[in-house]
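Written below as structure tokens is the structure these notes are about.
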Amino acid sequence: MRHGHISKQGSAWLRWVLNQAAQTAKRSPEFAATYTAIAKRRGKKIATIAIARKLLTRAYHLLAAAAPEPDKAVTGTTADIATTHTQTGRVTKPRARSPQRHEPATGQARSFD
């Protein structure tokens, strides 16, 4: 489990929304005990951010579980499907191929007469 602050990378609007949601969630029975324990050790503001992170983690897992699996028969070849890099976790998609701009080489010099 990762401990620490929420980085300032990403959407400032999303961080604000999560903080507002955490203000309410910390009073709910699911998060109240966690909030109280963290607030006692680390302080109220840090505990609120911890609850915001828990909310974000739950939302991610709910959305990941609800997302349909890509069907290879529908999308085409496996090269068309986005893949997740094993070390960084970044989602990568293959680049679209541009139409061939040049004539294939024939081994003969072109004449411009």
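When reading the values below, keep in mind they use all heavy atoms of this one structure, side chains included, and skip hydrogens, waters and symmetry mates.
- Atom CD1 of residue I49 and atom NZ of residue K54 lie 14.0 Å apart, to the nearest 0.5 angstrom.
- The stretch residues 11-29 participates, sequence neighbours left out, in no salt bridge (Lys or Arg N to Asp or Glu O under 4.0 Å) pair at all.
- Note that CG of L14 and CG of N19 are 11.0 Å apart. Values are rounded to the nearest 0.5 Å.
- With rounding to the nearest 0.5 angstrom, the CH2 atom of W13 is 9.0 Å from the CG atom of L18.
- In this structure, the side-chain contact (heavy atoms from CB on, under 4.5 Å) partners of A22, at least two apart in sequence or on a different chain, are T48, I51, A52, L55.
- The two residues A25 and F31 come nearest to each other via the heavy atoms O-CB, 3.4 Å.
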Return a table of donor-acceptor pairs under 3.5 angstrom between the side chains of residues 56-68 and protein atoms on other chains or two or more places apart.
unit_1	atom_1	unit_2	atom_2	d
T57	OG1	R53	O	2.9
R58	NH1	E30	OE1	2.5

